[in-house]
Amino acid sequence: MEKKISDSKIEQVYQVRPEHLNGAGRLFGGRLMEWIDEAAGLVGIRHSQCNVITASVDNLRFIRGAYQNDLLVLAGRLTYVGTTSMEVRVDTYVETLDGIRRPINRAYLTLVAVDKDGSPTKVPSVILETESEKAEWEAGKRRRELRIQRKKEGF
Ligand SMILES: CC(C)(COP(=O)(O)OP(=O)(O)OC[C@H]1O[C@@H](n2cnc3c(N)ncnc32)[C@H](O)[C@@H]1OP(=O)(O)O)[C@@H](O)C(=O)NCCC(=O)NCCS
């Protein structure tokens with residue numbers, strides 16, 4: 001089976017509330033990581049049509065803070081697939097009331113599709129439609145090689 005990147009992309013919107021803040025009055029990073037993990041998981045489920053588990057998170061980059069009442073938009077899309085694994089990019093933005101988005105975080109996560117017994121299972125391949133999807137795919141291939149190398153070195 002083959003699927004398009006657009007078949008699984010998602011956007012989630014949250015409003016930052018008092019219980020999401022840390023002692024410095026900013027959005028708590030751990031809360032954002034949870035939302036990023038959930039967003040990536042949903043992309044993985046939509047693509048694989050299976051349950052998924054998070055194998056790794058990398059390049060999680062906090063670019064700016066977010067504050068109470070900010071509207072956060074998490075945009076998730078598939079960037080690369082292997083045999084049973086999928087790389088998902090999640091971009092987080094603060095959106096102003098007039099709709100302007102400023103990036104505050106970017107992360108790449110690797111999800112593995114699992115069957116009923118929890119064993120890794122094959123995921124659909126991908127039809128790349130745009131130049132940016134093709135460029136992201138090539139970069140995803142390089143990131144996968146780096147991850148394999150890091151795993152070998154125990155790093
Ligand atoms: C993810 C997991 C299933 C991989 O197990 P494994 O024995 O390495 O399995 P495999 O060798 O069959 O690898 C399965 C896929 O995971 C990928 N993978 C394994 N370790 C990885 C890592 N650290 N980072 C990225 N991808 C990884 C492999 O490259 C492979 O991808 P491919 O099929 O596309 O080539 C296993 O490490 C695990 O269960 N981890 C715990 C996950 C978890 O509980 N997450 C918690 C939150 S849900």
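Indexing begins at 1, ligand by ligand and atom by atom, following the structure's order. Below, all heavy atoms of this structure are taken into account, side chains as well, without hydrogens, waters or symmetry copies.
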### Task
Specify side chain, backbone, both or neither for Thr110, according to which of its non-hydrogen atoms lie closer than 4.0 Å to ligand 1.
side chain
### Message
Under 4.0 Å and counting heavy atoms only, is there anything from the protein next to atom 8 (O) of ligand 1?
### Response
yes
### Query
So is Lys122 close enough to ligand 1, meaning a heavy atom under 4.0 angstrom away?
no
### Query
Does Ser6 offer a backbone N or O that forms a donor-acceptor pair with the side chain of Arg77 under 3.5 Å?
no
### Task
Check whether any N or O atom of Thr84, backbone or side chain, sits under 3.5 Å from an N or O atom of ligand 1, and answer yes or no.
yes
### Query
Against heavy atoms of Gly82, which atoms of ligand 1 measure under 4.0 Å?
34 (O)
### Query
So which of Ser119, Pro120, Ser85 gets nearest to atom 31 (O) of ligand 1, if we judge by its closest heavy atom?
Ser85
### Summary
What one should report as the nearest heavy-atom pair of Lys3 and Arg46 is NZ-O, 2.5 Å
### Task
Using the ring of Tyr80 (Phe, Tyr or Trp, six-membered ring only), decide whether Arg144 places NZ or CZ under 6.0 Å from its centre and within 45 degrees of its axis.
no
### Message
Using heavy-atom distances only, which candidate in Asn51, Ile53, Val112 approaches atom 17 (C) of ligand 1 most closely?
### Response
Val112
### Message
Here's a test for you: under side-chain hydrogen bond (donor to acceptor under 3.5 Å, both in side chains), which of Arg147, Glu153, Glu145 qualifies with Gln149?
### Response
Glu153
### Message
Among all the protein's heavy atoms, is there at least one whose distance to atom 36 (C) of ligand 1 comes out below 4.0 Å?
### Response
no
### Message
Given 3.5 Å as the limit, does a donor-acceptor pair link the side chain of Ser119 with the main chain of Asp115, or not?
### Response
no
### Query
Are there more than 12 heavy atoms of other residues, nucleotides or ligands under 6.0 Å from atom OH of Tyr14?
yes
### Task
Taking all heavy atoms of Leu32 and all of Thr92, pick out the closest pair and write down the distance.
CD1-CG2, 3.9 Å
### Message
Given Arg147, Lys151, Glu87, identify the one with the heavy atom nearest to atom 20 (N) of ligand 1.
### Response
Lys151
